[in-house]
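Each chain gets a letter, A, B and so on, in the order its sequence line appears, and its residues count up from 1. What's counted below: heavy atoms across the whole structure, side chains too, no hydrogens, waters or symmetry copies. For clarity, every value in this text was computed on a predicted model and none was experimentally measured.
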Number of protein chains: 2
Amino acid sequence: MPPTPARREPLTRARVLAAAVALADAEGIEAVSMRRVAERLDVVPMALYKHIGDKEDLLDGMVDAVIADFRTAEGMPQNADWRTGFVALVLGARAALGMHPWARRVIETRTRRTSAVLGHMEALTRILLDGGLSPDLAHHAMHALGNRIWGFSPELFDDDPGHAAGARAESTAPAPDPAAYPSILAIAADARARRPDATSCDEDFEFGFALDLILDGIERARSTGWTSPC
Amino acid sequence: MPPTPARREPLTRARVLAAAVALADAEGIEAVSMRRVAERLDVVPMALYKHIGDKEDLLDGMVDAVIADFRTAEGMPQNADWRTGFVALVLGARAALGMHPWARRVIETRTRRTSAVLGHMEALTRILLDGGLSPDLAHHAMHALGNRIWGFSPELFDDDPGHAAGARAESTAPAPDPAAYPSILAIAADARARRPDATSCDEDFEFGFALDLILDGIERARSTGWTSPC
DNA sequence: ACCTGAACACCGTTCAAGT
DNA sequence: ACCTGAACACCGTTCAAGT
């Protein structure tokens with residue numbers, strides 16, 4: 001009889017998600033469609049529906065796959081300052097997301113809290129509670145940090161005003177006149193003078209500044225025994 | 001001759017955007033397609049392309065239309081504390097966005113800085129500079145605030161863990177087990193005990209807490225003469 | 001049990017044509 | 001100048017059928 005044909009590995013949720021992540025890494029998140037993911041797996045699009053619920057579930061799963069690479073809290077120095085452990089987890093998330101530039105945009109659009117998402121939040125919250133924050137303050141701390149718990153901050157300026165946005169879409173609205181935004185120009189000029197070699201703001205410094213500023217505020221609230229007014 | 005037929009008002013960018021905003025208000029942002037917007041205007045889809053560049057430009061324009069309703073800085077007390085004016089602008093943005101629940105999600109996905117977006121940033125930045133912040137500190141302040149300059153903070157928890165996410169999509173991944181997240185449960189229980197009538201966290205309080213915390217940090221940096229290390 | 005084929009109801013966008 | 005008709009190249013998802 002003929003040699004057994006190379007039997008295709010059976011589809012699994014993990015294989016589907018890995019293919020989707022690889023596709024997003026290679027071609028960007030807008031290239032990720034059910035059909036293109038199926039194509040990468042040499043399978044007809046409908047085959048995916050046995051393993052993922054729908055497109056939203058695919059995106060949720062892709063985020064989960066990235067979170068699975070986060071450094072865990074295991075082996076963290078046990079009696080260190082709460083800030084040390086907290087910052088380590090956040091910077092671990094930042095490092096993992098740095099490998100998948102599409103992930104931050106996808107995280108911003110997620111509404112379902114998967115077990116991987118809850119796991120990261122739980123680890124952070126536990127550090128806060130163990131560090132002596134009241135549940136109330138820990139709650140507010142998490143909200144104040146927002147998406148910074150994932151190691152990124154929202155992009156405010158993608159570039160200087162008046163810069164022709166690189167994307168392919170052109171607007172029929174009049175282009176902004178840079179001269180109309182003197183204050184923004186002033187801080188942009190200052191930033192450029194300070195770091196003439198950087199093409200944009202130094203993102204790591206920006207992130208650290210904001211993170212420290214918020215954690216300073218939280219620590220101050222903790223040490224002065226802040227309680228919510230209601 | 002027959003009575004002149006009711007001549008259709010000619011399409012304009014403003015009319016297209018108004019139709020798109022009305023559609024999003026009525027049916028949610030996912031209902032906004034070029035075809036559905038055209039239908040609302042009694043026009044064939046292609047007619048829109050004379051007035052807007054593409055779908056991205058439509059979304060940019062919708063955000064611009066919402067920003068156009070922001071309370072302006074005109075008539076603001078001139079020699080008040082910089083914080084007063086700053087907070088007034090941010091809360092004005094919050095009020096306007098409150099009328100269009102879809103807008104915050106759309107803003108998070110925008111990458112182009114339109115003149116309306118830059119106008120709001122300029123007004124805020126100007127208040128910071130006039131208030132005595134260095135351009136460098138003003139720059140970091142804006143980044144630290146992130147999307148909070150639009151009057152919203154990212155939703156972290158949409159609900160308690162284990163809550164069956166209301167959306168129609170079901171996942172094939174195992175549902176999270178609430179017991180695995182004791183710290184999150186602890187703060188959720190605490191919040192519920194504190195505000196038993198609220199169905200979720202009190203969003204306005206959350207927002208104000210985080211805004212104040214960040215502005216406290218910025219004001220402290222200003223008054224102690226902070227300068228960036230590079 | 002797992003995958004397939006064909007189809008449905010949508011998308012955004014182009015181009016050449018109409019008025 | 002402004003809008004239309006027909007078409008192209010995609011989408012996500014369903015259902016009944018195949019193996």
Side-chain angles (χ1 to χ4, degrees), chain A residues 1-2 4-20 23-24 27-62 102 106 109-112 167-173, chain B residues 1-2 4-20 23-24 27-62 102 106 109-112 167-173:
Chain A
M1 53 191 175
T4 44
R7 181 69 156 291
R8 264 192 313 185
E9 195 144 358
L11 231 42
T12 62
R13 178 169 236 265
R15 282 191 68 224
V16 173
L17 296 180
L23 179 56
E27 304 186 34
I29 192 65
E30 67 286 349
V32 176
S33 69
M34 301 298 277
R35 293 167 122 104
R36 294 284 319 273
V37 171
E39 183 182 89
R40 280 210 157 216
L41 293 162
D42 258 319
V43 126
V44 96
M46 318 317 138
L48 304 182
Y49 286 85
K50 272 274 124 90
H51 302 99
I52 59 160
D54 60 4
K55 178 91 190 274
E56 287 289 293
D57 187 31
L58 178 70
L59 294 172
D60 285 340
M62 290 173 70
W102 48 268
V106 176
T109 68
R110 295 305 82 203
T111 60
R112 179 179 297 167
R168 53 266 100 178
E170 23 34 280
S171 169
T172 62
Chain B
M1 53 194 177
T4 44
R7 181 68 156 292
R8 264 192 315 186
E9 195 144 358
L11 232 41
T12 60
R13 178 168 236 264
R15 283 191 68 224
V16 174
L17 296 180
L23 179 56
E27 303 187 35
I29 192 64
E30 67 286 350
V32 176
S33 69
M34 301 297 279
R35 292 168 123 103
R36 295 281 322 268
V37 172
E39 184 182 89
R40 279 210 160 219
L41 292 162
D42 258 319
V43 126
V44 96
M46 319 317 138
L48 304 181
Y49 285 84
K50 272 272 125 88
H51 302 99
I52 59 160
D54 60 5
K55 178 92 189 274
E56 287 290 293
D57 187 32
L58 178 70
L59 294 171
D60 285 339
M62 289 172 71
W102 48 270
V106 176
T109 68
R110 297 303 82 204
T111 60
R112 181 179 297 167
R168 52 268 100 179
E170 28 25 286
S171 170
T172 63

Original post:
Expressed in whole Å, how much space separates the C1' atoms belonging to dC8(D) and dC10(C)?
Top reply: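 It comes out at 15 Å once rounded to the nearest Å.
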Send over the distance from [X] [atom1] to [N] [atom2], rounded to a whole Å.
X        : N       : atom1 : atom2 : value
Leu48(A) : dC11(D) : CG    : P     : 13 Å
Arg13(A) : dC2(C)  : CZ    : P     : 15 Å
Asp42(B) : dT4(D)  : CG    : C1'   : 14 Å
Ile52(A) : dC3(C)  : CD1   : C1'   : 15 Å

Original post:
Counting only side-chain N and O atoms of His51(B), is one of them less than 4.0 Å from OP1 or OP2 of dC3(D)?
Top reply: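 So the side-chain polar atoms of His51(B) do come within 4.0 Å of the phosphate oxygens OP1 or OP2 of dC3(D), strictly under.
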Could you tell me which non-hydrogen atom of [X] sits nearest to which non-hydrogen atom of [Y], and how far apart they are?
X        : Y        : value
Leu17(A) : Leu58(A) : CD2-O, 3.8 Å
Ala31(A) : Leu23(A) : O-CD2, 3.6 Å
Asp54(B) : Tyr49(B) : CA-CE2, 4.2 Å
Arg15(A) : Pro10(A) : NH1-O, 3.3 Å

Between the protein and nucleotides 12-19 of chain D, are there any N/O to N/O pairs under 3.5 Å, and if so, what are the atom names and distances?
unit_1: dG12(D); atom_1: OP1; unit_2: Met34(A); atom_2: N; d: 3.2
unit_1: dG12(D); atom_1: OP1; unit_2: Lys55(A); atom_2: NZ; d: 3.4
unit_1: dG12(D); atom_1: OP2; unit_2: Met34(A); atom_2: N; d: 3.0
unit_1: dG12(D); atom_1: N7; unit_2: Arg35(A); atom_2: NH1; d: 2.4
unit_1: dG12(D); atom_1: O6; unit_2: Arg35(A); atom_2: NH1; d: 3.1
unit_1: dT13(D); atom_1: OP2; unit_2: Tyr49(A); atom_2: OH; d: 2.9
unit_1: dT13(D); atom_1: OP2; unit_2: Lys55(A); atom_2: N; d: 3.0
unit_1: dT13(D); atom_1: O5'; unit_2: Tyr49(A); atom_2: OH; d: 3.4

**OP:** Report the residues that fulfil salt bridge (charged side-chain N to carboxylate O under 4.0 Å, His left out) with Arg40(A), sequence neighbours left out, ordered by chain and then residue number.
**Re:**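 For Arg40(A), no residue satisfies salt bridge (charged side-chain N to carboxylate O under 4.0 Å, His left out) once neighbours in sequence are set aside.
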Original post:
Mind checking what makes salt bridge (charged side-chain N to carboxylate O under 4.0 Å, His left out) contact with Arg13(B), not counting sequence neighbours?
Top reply: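 By the salt bridge (charged side-chain N to carboxylate O under 4.0 Å, His left out) rule, Arg13(B) matches Asp57(B).
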Original post:
Are the side chain of His51(A) and the backbone of Val16(A) linked by a donor-acceptor contact shorter than 3.5 Å?
Top reply: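 Not at all, since once roles are kept as given, no pair shorter than 3.5 Å links the two residues.
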Subject >> Residues that Ala38(A) engages under side chain to side chain contact (heavy atoms under 4.5 Å, CB included), provided they are two or more places apart >> reply: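 Ala38(A) satisfies side chain to side chain contact (heavy atoms under 4.5 Å, CB included) with Val43(A), Pro45(A), Leu48(A) only.
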**OP:** Give each stem of DNA chain C as a range with a range, requiring at least 3 consecutive Watson-Crick or G-U wobble pairs whose two distances are under 3.5 Å.
**Re:**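 As far as DNA chain C goes, consecutive pairing (with distances under 3.5 Å) yields the stems C:4-8 with D:12-16, C:12-16 with D:4-8.
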